[in-house]
Amino acid sequence: MAHRWKNDLSREDVTPEAVWMDRRRIMAGAVAGVGLGLAGLPGRGGAATGEELEPNSYEDITSYNNFYEFGFDKGDPKTHAGELTTEPWSVEIDGMVERPGRYDLADIMARMTVEERIYRLRCVEAWSMVVPWQGFELADLLNWVGVKPGAKYVAFETLYRPEEMRAQRQRGGIDWPYREGLRLDEARHPLTIMATGLYGKPLPNQNGAPIRLVVPWKYGFKSIKSVVRITLTDSEPETTWNMLQPNEYGFYANVNPNVDHPRWSQARERVVGGGLFSPKQPTLMFNGYEDEVAALYEGMDLERFY
Ligand code: MTE
C-alpha cells in the first residue's frame, strides 16, 4: 500500500487531493478508524459543529501563504521558500526541561506517532481554510524531553538564516527570528500539534517545512513555521506580532468573533478558494473548537486577554 501511495504521488496527472482521498478511503476501510484515528478526525476537525470539514485544495493551501521571511505578498512564500534548505534539521529544546539538547528531526520523528488532523485555519486577517495536516501531538514531545516543575510557558523560534530567507536580509520592521509562545496547558492540549506534512506529503517549504506548530483554535499567526527552538520557561515569552503591535495582537490570540481587531471585524471570514462573490461565513468561537478548549480560559476576561 505504501508503495502504491508513493507511485501515485509521483504521477503528474494525479492531484495530491485525489491520492489523499483515495488513501483515506483505503485506510478507513483497513483500520476502521482505529490506529490513525481516522474516524475521529472529522470530529476533531469539525469539533463543536460536528460536521465533516471539506479541505481546501492543495493548490490553495500551498499558494496563498503568510511566511514573512520570504516576503509580504501571499504568493511570495511559494515563489521564494524553495531557497530554504530543510535538511539536515534539528530542534533545540532548552530551558526548564529534564533533557535539554539539540535534537535531530529524524530522531524526534522516530519517537513520535504521526496522525492526520483536518483543522480549520483562521487567519487574523479574516480569511480561512481547512487543512489536512499530518503531525504529532506537542504533548508527546514535551513528555519525551520532560518538563521541569515550575515551567508555565513554551516559547518557539523560527530559523534565522538571512542567506536563505530573503526578507530577513531586509529586516522589514520585524525583529527576526519570528517568535511565538503558548501557555504550557495550551501546548499540552491534545489539539496542539507539530505538523510535518499536509495532504499526505511532506510539508512544502511555504507551509513551514520541515516542522511547524499548529494550534487550530488560535489565529494563524500563533502557528509558527520552520521551528528550530522550543524553550520551556516560567514567564510569558515575547512574541513577534505582540511586540510589533501590542494593542492589535495579543499573546492569547484565540479566535473570537465577539472581539474585533481594532481595524476590522472578526465576526466573519472569507473562505479562501470560495470565489470572488461567495458570501463570508460566520467565524466560530475558538474557531469551532469551543467544546474542547473553553475550559482552558474559564474565568478569564477574553476582551482583556485577546
Ligand atoms: N511563521 C513564521 N515563521 N513566519 C510567518 O510569517 N505567518 C503566520 C503563521 N506562521 C508566519 C508563521 C501567519 S500570519 C499565518 S496566517 C500562518 O502561518 C499561515 O500558515 P499557512 O501559510 O500555512 O496557511
Side-chain angles (χ1 to χ4, degrees), residues 55-81 83-84 86 89 91 117-135 155-162 164-168 170-182 192-199 201-230 237-245 248-250 253-255 261 264 266 269-273 283 287:
N56 278 78
S57 70
Y58 186 81
E59 177 65 17
D60 283 347
I61 296 169
T62 59
S63 59
Y64 188 91
N65 300 100
N66 278 335
F67 199 167
Y68 294 112
E69 285 85 338
F70 297 103
F72 287 82
D73 290 338
K74 295 290 182 276
D76 284 341
K78 184 177 179 178
T79 309
H80 299 298
E83 290 157 24
L84 176 66
T86 58
W89 194 272
V91 182
R117 298 283 179 92
I118 303 169
Y119 283 161
R120 300 168 200 280
L121 173 82
R122 168 60 157 85
C123 180
V124 74
E125 297 162 343
W127 54 262
S128 70
M129 292 196 211
V130 172
V131 185
W133 302 107
Q134 284 80 52
F156 304 84
E157 268 180 35
T158 293
L159 179 70
Y160 178 71
R161 192 183 285 160
E164 294 182 355
M165 297 174 124
R166 55 178 52 222
Q168 289 180 340
Q170 299 144 8
R171 304 206 98 240
I174 294 179
D175 180 16
W176 308 108
Y178 193 99
R179 274 163 272 182
E180 260 309 332
L182 296 172
T192 303
I193 60 166
M194 297 303 297
T196 53
L198 63 85
Y199 265 119
K201 302 190 6 146
L203 213 54
N205 282 10
Q206 60 267 38
N207 293 90
I211 183 165
R212 71 172 296 172
L213 179 70
V214 177
V215 194
W217 72 93
K218 291 179 179 281
Y219 290 119
F221 69 84
K222 298 295 288 182
S223 293
I224 181 172
K225 296 178 171 184
S226 305
V227 170
V228 289
R229 189 170 177 203
I230 300 177
E238 290 191 320
T239 58
T240 292
W241 287 101
N242 184 242
M243 285 189 295
L244 274 172
Q245 294 282 2
E248 298 193 352
Y249 309 102
N254 292 315
V255 175
H261 185 279
W264 59 84
Q266 293 292 26
E269 63 203 40
R270 178 179 63 84
V271 180
V272 171
T283 289
N287 205 21

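All residue numbers refer to positions in the sequence shown, counting from 1. Side chains included, hydrogens not; waters and symmetry mates left out as well; all remaining heavy atoms used. Note that ligands are numbered from 1 as they come in the structure, with each ligand's atoms numbered from 1 the same way.
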Inset, instruction - Assess the side chains of Thr283 and Arg122: does a donor N or O sit below 3.5 Å from an acceptor N or O? - result: yes

Inset, instruction - Check whether any side-chain heavy atom of Leu84 lies under 4.5 Å from a side-chain heavy atom of Thr86, and answer yes or no. - result: yes

Legend entry - All side chain to side chain contact (heavy atoms under 4.5 Å, CB included) counterparts of Glu125, not counting sequence neighbours: Asn66, Tyr68, Lys74, Cys123, Trp127

Distances only, to 0.1 Å: what are the N or O pairs between ligand 1 and the protein that fall under 3.5 Å?
unit_1: ligand 1; atom_1: 1 (N); unit_2: Lys225; atom_2: N; d: 3.1
unit_1: ligand 1; atom_1: 3 (N); unit_2: Glu69; atom_2: OE2; d: 3.0
unit_1: ligand 1; atom_1: 3 (N); unit_2: Thr158; atom_2: OG1; d: 2.8
unit_1: ligand 1; atom_1: 4 (N); unit_2: Glu69; atom_2: OE1; d: 2.8
unit_1: ligand 1; atom_1: 6 (O); unit_2: Tyr68; atom_2: N; d: 2.7
unit_1: ligand 1; atom_1: 7 (N); unit_2: Asn66; atom_2: O; d: 3.2
unit_1: ligand 1; atom_1: 10 (N); unit_2: Ser223; atom_2: O; d: 2.9
unit_1: ligand 1; atom_1: 18 (O); unit_2: Arg212; atom_2: NH2; d: 3.4
unit_1: ligand 1; atom_1: 20 (O); unit_2: Arg212; atom_2: NH2; d: 3.3
unit_1: ligand 1; atom_1: 22 (O); unit_2: Asn65; atom_2: ND2; d: 2.9
unit_1: ligand 1; atom_1: 22 (O); unit_2: Asn66; atom_2: N; d: 3.4
unit_1: ligand 1; atom_1: 22 (O); unit_2: Lys225; atom_2: NZ; d: 2.6
unit_1: ligand 1; atom_1: 23 (O); unit_2: Asn207; atom_2: ND2; d: 3.0
unit_1: ligand 1; atom_1: 23 (O); unit_2: Arg212; atom_2: NH1; d: 2.7

Legend entry - Phe67 and His80 aromatic centres sub-6.0 Å: no

Inset, instruction - Can you spot which of Lys222, Lys218, Arg212 makes a salt bridge (Lys or Arg N to Asp or Glu O under 4.0 Å) with Glu180? - result: Lys222

Inset, instruction - Applying side-chain contact (heavy atoms from CB on, under 4.5 Å) between Tyr119 and each of Val215, Ile193, Val131, Val130, report the one that passes. - result: Ile193

